[in-house]
Structures are given as structure tokens and as C-alpha cells.
There are 2 protein chains.
Amino acid sequence: MQMKATLRDVAERSGFSITTVSHVLNDVPGKRIAPDTRETIRRVADELAYRPNQLAQGLRRQRSGTIGFLADSILTTPHAHKVISGAQDAAAEAGSMLLLVSTDGRPELEERGITAFLDRQVDGIVYAATYHRIVTPPPSLRARPAVLLDARTDAAEYPSAVPDEVGSARTAVAELVRAGHRRIGYLGNVDDIPATAGRLAGYRQALAEAGLPWQPAWEVAEASESTGGYRAARAVLDRPDRPTALFCFNDRMALGAYFAVQDLGLAVALDVSIIGFDDQEIISEGVHPGLTTMRLPHYEMGQWGIRTLLSLIDAPSDGPYDPVHFDCPLVRRASVGSPRG
Amino acid sequence: MQMKATLRDVAERSGFSITTVSHVLNDVPGKRIAPDTRETIRRVADELAYRPNQLAQGLRRQRSGTIGFLADSILTTPHAHKVISGAQDAAAEAGSMLLLVSTDGRPELEERGITAFLDRQVDGIVYAATYHRIVTPPPSLRARPAVLLDARTDAAEYPSAVPDEVGSARTAVAELVRAGHRRIGYLGNVDDIPATAGRLAGYRQALAEAGLPWQPAWEVAEASESTGGYRAARAVLDRPDRPTALFCFNDRMALGAYFAVQDLGLAVALDVSIIGFDDQEIISEGVHPGLTTMRLPHYEMGQWGIRTLLSLIDAPSDGPYDPVHFDCPLVRRASVGSPRG
DNA sequence: CTGAAAGCGCTAACAA
DNA sequence: TTGTTAGCGCTTTCAG
């Protein structure tokens, strides 16, 4: 296995200087180089399968072609990888790659990760949360252009993208209204995060817009996972005046609601329509009948993040930056039907 | 924001030469340097918050401190991130970082990803599948030390780690036997992957070892997701001589089985015990009652991969390499009970 | 005990 | 139209 060819190899083999070879291979503008020369050099480079050493290139150009991606957890939540996927695709378009660090709830890794990024001369840093959060990134983040995904700071210090919680919740409830439901409950959560207030507000707004009654008893808050959803659903559905449809804070709660509906001898869609939030496919596609839900625009946010970052790298700017809000598209499956009777 | 300090800055500020500073900061062995000098240099480096530029270091040392991680899909399956997590932690221990590429079922990204890795002078490459597969990595992978995770080649060309499918399936079934079950069904799959034959074989072996009857009607194969699991479970449970326990190819099929059990008016654990495979927490913890299942040792495999890779980098070797088999630990939750009566 | 000098592979002024 | 030279920030002989 022979050594990788260097610029010098190409130069020697083609009979031109390293400089000329570099000019040709980089298509440096404003250089008048004989077409023959160009062609020879290109051919030789090809023959040798020459590829520039990006370490050397980066050292010289002060641009590593590398972006640090700091995720607070790819471990716990299962849809964060779509952010990465979107980011990676956008990075690839620009010839860049992602250095990944996942802190997985270990805050001490945050500083260390950023340091490791800076040591490797990343061109910029993406700071990604797994769900919409208000964050305070370590000061070291300021050493490079950075963007926030699914997160924002109180100061509008970095460009940031977050889902439109309120609007998306309204869309969800409106879908239920459209199906004919007039008694719609909300299985909410108790976490101290923007989505909590946002989705609740969206629910109430949508009811008001539709001229539907708001029933305190139909609006419960529980832990935002399956068992919480189960309890919440039981609390609401055990009542004689139970709603015919439930909007759930997330898909995991919706999963719990499915079990509650079944335990009551009822059927999802037929007796109780359900809409979730997140579109975690394992649940939304795995559940029976399939779960109608709001898809978090993670892929798109990942793309946006890298593109924004790259333009920031090319044209530094100081902000402030208003958070960009992304719509969550409705994904229709089979958990919404018309109310009976 | 002042510029990052370089070795030269430390040298000038401390009054010693770049060489000496380098020697001190790298603790180069066999160098007799005055303790005072050492201390001064260390102090100055500290004051300036000096950190070596890894691009420069890498260029010189021919070691980038970077490892390419090529995943065939972090998108579709939801537990692959644990491999990454394990890999990242092991890499961090050694001062290395992961460059990530996820091909997400787009094979053309594979070559491109590896090329991008090589351009960046990665020290080695991890080629990770999302489930146990026989793969044929592109030849370009040979350009660097590489290991395979959750994958192996026919030629034993790279070190590789895969789950012990047969043994783990036996463990699962043995658990059911221990709970008193004598009629145990298997909801299998139809994919052309090693796990298919492996888990099936484990199931049969475990029955044989326990002296239990093998019933063709209790062994069905379906698509390996929730709806397949539903159909498979119905096929088995609709029979008068239905089994009292089901071992499922994976958690998603187990999820479908839950719905089937409920649709038949039965209860999981009480009437039908269920064991899954994979331990996808969204399902295994989200389901009601919690799903007992076999945990794929992804984190451990990730760690193993990096450690193996690093030692391969330090001490190249040619193989052949037998695949290393990892046990899947049993995770007990609440879906296994004793049979009635 | 310390430092000068060469060079990793590349780009960019500047000459010719 | 092409080449010389310097240097990105670092490590590593080799001298002193």
C-alpha cells in the first residue's frame, strides 16, 4: 500500500512547480495558466489519486473544514439524530464534516467538548439541545461562530432555531375540531420547559378560536412519558362527560393514553381520537392504529443550523439574533376519527 | 477577543526557545531540563491559556487525534446512538474525537464519507452497522486501521464485534422456562440477517435443553416491526392450544404483540408473558406493563471498537480476526409472570 | 541543560 | 505564464 500522494509528487511527476499545481488544482482565479499545463497537471493528479491533506490545508488557510456538533444528548431522546442528519447533509454540501460530542446529561463534558473542538480548530460550533430549552452555554462557546438548535439564550447572543410550540399545538387541535370533535382534552406535562406553556397555550387558543368550551377537568398535567400519559388519560376518560378526543403533549404520553383507552374497553379513533406531538416513529408508526402527530422539524433545523453557521463564518456578525421558529407539520395516521353519534 | 496563544508566544514570554517549551509541555522523556525552567514554562503556558493546535500537531506527528465513525444509519434505528456514545467516551479517554458520517441507507455516501475521513487524516475508522450484518465495506476502508461494529465480513479482514444472537435468545427463553412456562412461542422475523437464524436457533436450543415440546404452530415469522408482531401474535394466540409465553424477535414486534394480547381480551404477564429483544427504551419502558427484554450491548461495543482501533493504530497487525461475540444482558421488567393454573 | 534548523503538506505574496 | 519564498504551528533530530 503506497503512501498517499502529495502536492509535491504531483509537481515532480508533471514537471511543474508545486505552486503551479496548487493554482491549477484550486482553480485560483486571476491566474493565467496554459490550458496544456492545466490538463497535464489534472491528469497527473488523477493518476496519482491526489487528494489534498486537509490538515495541512487547514493549518495554512486557518479553516479546518470541520464543524463541532455538541449535543446535550443523543442518548436519551430518539429523534435528535435527525438534527445530526440534517446538519451532516448541509455540511457535506459545503465540504465540511461534523466532529461530534454528546454530553448526555454530563455538563462537565460540555466545556471539555468545546475545548476539544477549539484544539482542532473547528470553523464553528453547533450547540444542540434535544428539546426546546433555554440554555446558558459556557463562555468558551464565544471563541467561534456558533448557533443554537432547539435552544435559545435569554440574551439573543447566537442565532437559534426552535419549534413553534404554540402554532403547532393549534394546528393539532384544529385537526381534531375539523374531524368534528367538540369535547377535546389535553394531556399536558409538568416539565419546566418552553414547550409546556407553549403547547398548553396553543391548545387553549385553538379551543377559543373554534368557539369550544374550555373544561378544567379535561386539562391535566402529568409526567411526560408513557405512564404519565396513562394516568392523565385515565383521569380524563374516567369521567362521565369524557372528551371524545385527546391532544397529548408528546408521543410517549400518547402511547400511555392508548393503553388507558384499551383498559377502559374503548377503541382509539372510534371512541377516542388521539393526537400526539414529536412524531417519534417507533411509537407513532408502531402503535395500533397509527398515531397522528406533529412532526418536530429536526432535520430541517439541523440543515438550517449548519447553513446559518457557515454564512456566519464567512461573514461574522454580532447579533442580536431573534430565534427562528419552525413549524411542525401534521402527520396524519389513523388515530383520529369522527366522534360517535 | 485576542488570538489563541501559540507555542511561540509561550516561548517569547518565558524567555526560552520554542524547542524547550515543546519539550516541557510534552514531557518529552530523556530530556534534562532545569526544574525552574519547567515551572516557568508551565506557568506562562497557563497564563496564556496555551493549547496546542492539533492541526499543526497532527500534521507534524502524522496523527490527527481524530477517528472516523461511519454509521450506516443513526436515523432509522433508535439505539445506534449508544454505540456512538460508547465510542465517544472511549475516544475521549485517549484524547481522540469522532468525525461522524451517517449514510442512512445511501450507499453512495459510504465512499464519500471514507474519502472525507482520509482527507482529514483520521487515525482510524469505525464502520458501524445498526444491526448485526454481513457487510462488504468499500476497499478504501483498507487505507487505515478499521474495525467493524455490529457487522462482520466473510473474510476475517477487520476486527469486529457482534451480539451473541444464539446465546442471548437462549437466555431469554430460559427466563420464561424459569417462570414456569412450558408452552413458549416464538414471534420471528423474515429478514435475511444473522439475527434471524441466530435467535431462532437459540429459541429451539433452549426448548430442547428444557425438555419442552417444539410446536411448529407456535413458531411464526413476520415482518420485524409492530404490525408484523401484531399479526404474528394473533396467528399464535388465536389457537386453542395457545402458548402462555412469547419470545419476540425484537421489541417492536413485542409492541405489536401487546396490542394483539389486548385485542384478545387478555393481559400481558397475567395471561401471556412476553420477552422482547433490543431494549429500545421507548418501547420497553413505555409499554404497560414494562417489557422484559434482552439489552443489546451497544455502548460496550462502541467502547470496545475504539479501544481495539486505538491499539491497532499503535501496533498494526494483519489479522485474520475472529468476530468477538457480546452477550446481551437480560433486563427484567414486568411482562413475565407465571402461567395460570 | 538548551536551542537552531529542518520539515510535516499546503497556500499566497511577490518575482521573474 | 510559471516559480521562489515565506510561513501556518508544531515536533524532532542534532549541536552546543
Side-chain angles (χ1 to χ4, degrees), chain A residues 2-42 44-45 48-66 95 118-123 143, chain B residues 2-42 44-45 48-66 95 118-123 143:
Chain A
Q2 102 222 350
M3 223 37 206
K4 284 191 61 172
T6 72
L7 247 206
R8 170 128 79 118
D9 297 328
V10 180
E12 280 171 2
R13 185 97 111 92
S14 66
F16 292 95
S17 75
I18 289 190
T19 312
T20 307
V21 174
S22 173
H23 287 340
V24 169
L25 263 24
N26 288 312
D27 272 325
V28 180
K31 294 281 164 187
R32 311 210 49 73
I33 293 174
D36 275 9
T37 307
R38 278 192 194 292
E39 210 207 325
T40 320
I41 290 179
R42 288 241 164 75
V44 172
L48 297 179
Y50 169 76
R51 305 236 83 214
N53 178 327
Q54 293 228 34
L55 249 42
Q57 223 172 29
L59 182 59
R60 184 60 240 231
R61 286 196 182 145
Q62 305 287 43
R63 242 228 198 211
S64 63
T66 266
L118 297 177
D119 289 350
R120 281 167 185 80
Q121 315 296 117
V122 294
D123 300 327
Chain B
Q2 103 223 349
M3 222 37 205
K4 283 190 61 171
T6 72
L7 246 205
R8 172 130 77 118
D9 297 329
V10 180
E12 280 172 3
R13 185 97 110 92
S14 66
F16 293 94
S17 74
I18 289 190
T19 313
T20 306
V21 174
S22 172
H23 286 340
V24 169
L25 262 24
N26 289 311
D27 271 326
V28 180
K31 293 281 163 187
R32 312 211 49 72
I33 292 174
D36 275 8
T37 307
R38 275 187 147 56
E39 209 206 327
T40 319
I41 290 180
R42 290 240 162 75
V44 172
L48 297 179
Y50 169 75
R51 303 235 86 214
N53 178 328
Q54 292 229 36
L55 249 43
Q57 222 172 32
L59 181 59
R60 182 61 236 232
R61 285 197 183 144
Q62 305 287 42
R63 246 233 196 203
S64 62
T66 267
L118 297 177
D119 290 350
R120 281 167 184 80
Q121 314 295 116
V122 294
D123 300 327

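All chains are named by letter (A, B, ...) in the order of the sequence lines, taking the proteins before the strands, and each is independently numbered beginning at 1.
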Phosphate-side-chain proximity, B:Thr20 and C:dT2, N/O vs OP1/OP2 below 4.0 Å: no
Could you encode protein contacts along nucleotides 11-16 of chain D as a string, one character per nucleotide from 5' to 3', using B for base contact, S for sugar-phosphate-only contact and - for no contact, with a heavy-atom cut-off of under 4.0 Å? BBBB--
Student check: side-chain heavy atoms of [X] and [Y] closer than 4.5 Å:
X        : Y       : value
A:Gln57  : A:Asn26 : yes
A:Arg38  : A:Asp27 : yes
A:Pro52  : A:Leu25 : no
B:Asp119 : A:Lys4  : yes

Give me the atom names and distance for the closest heavy-atom approach of B:Gly65 to B:Asp123. N-OD2, 2.9 Å
Residue pair B:Tyr50 / B:Thr6: nearest heavy atoms and the distance that separates them: CE1-C, 3.5 Å
Would you kindly give the [atom1]-to-[atom2] distance between [X] and [N], to the nearest whole Å?
X        : N      : atom1 : atom2 : result
A:Leu55  : D:dC10 : CG    : P     : 13 Å
A:Leu118 : D:dG9  : CG    : C1'   : 16 Å
A:Asn53  : D:dC8  : CG    : P     : 18 Å
A:Leu59  : D:dG7  : CG    : C1'   : 9 Å
A:Lys4   : C:dC8  : NZ    : P     : 15 Å
A:Arg51  : C:dG9  : CZ    : P     : 16 Å
A:Arg63  : C:dA12 : CZ    : P     : 12 Å

Just wondering, more than 12 heavy atoms not from A:Glu39 lying within 6.0 Å of its CD? no
Please report the interatomic distance CD(B:Gln54) to CG(A:Leu118), rounded to the nearest 0.5 Å. 11.0 Å
Rounded to the nearest 0.5 Å, the CD atom of B:Gln121 sits from the CZ atom of B:Arg61 at a distance of 15.5 Å
Mapping B:Gln62 and B:Gly15 to their closest nucleotides on DNA chain C, which lands nearer the 5' end? B:Gly15
Per the under-4.0 Å heavy-atom filter, residues of residues 33-42 of chain B near DNA chain C come out as B:Ile33, B:Ala34, B:Thr37
Given D:dG9, C:dT2, C:dG9, which nucleotide is nearest the side-chain atoms of B:Phe16? C:dT2
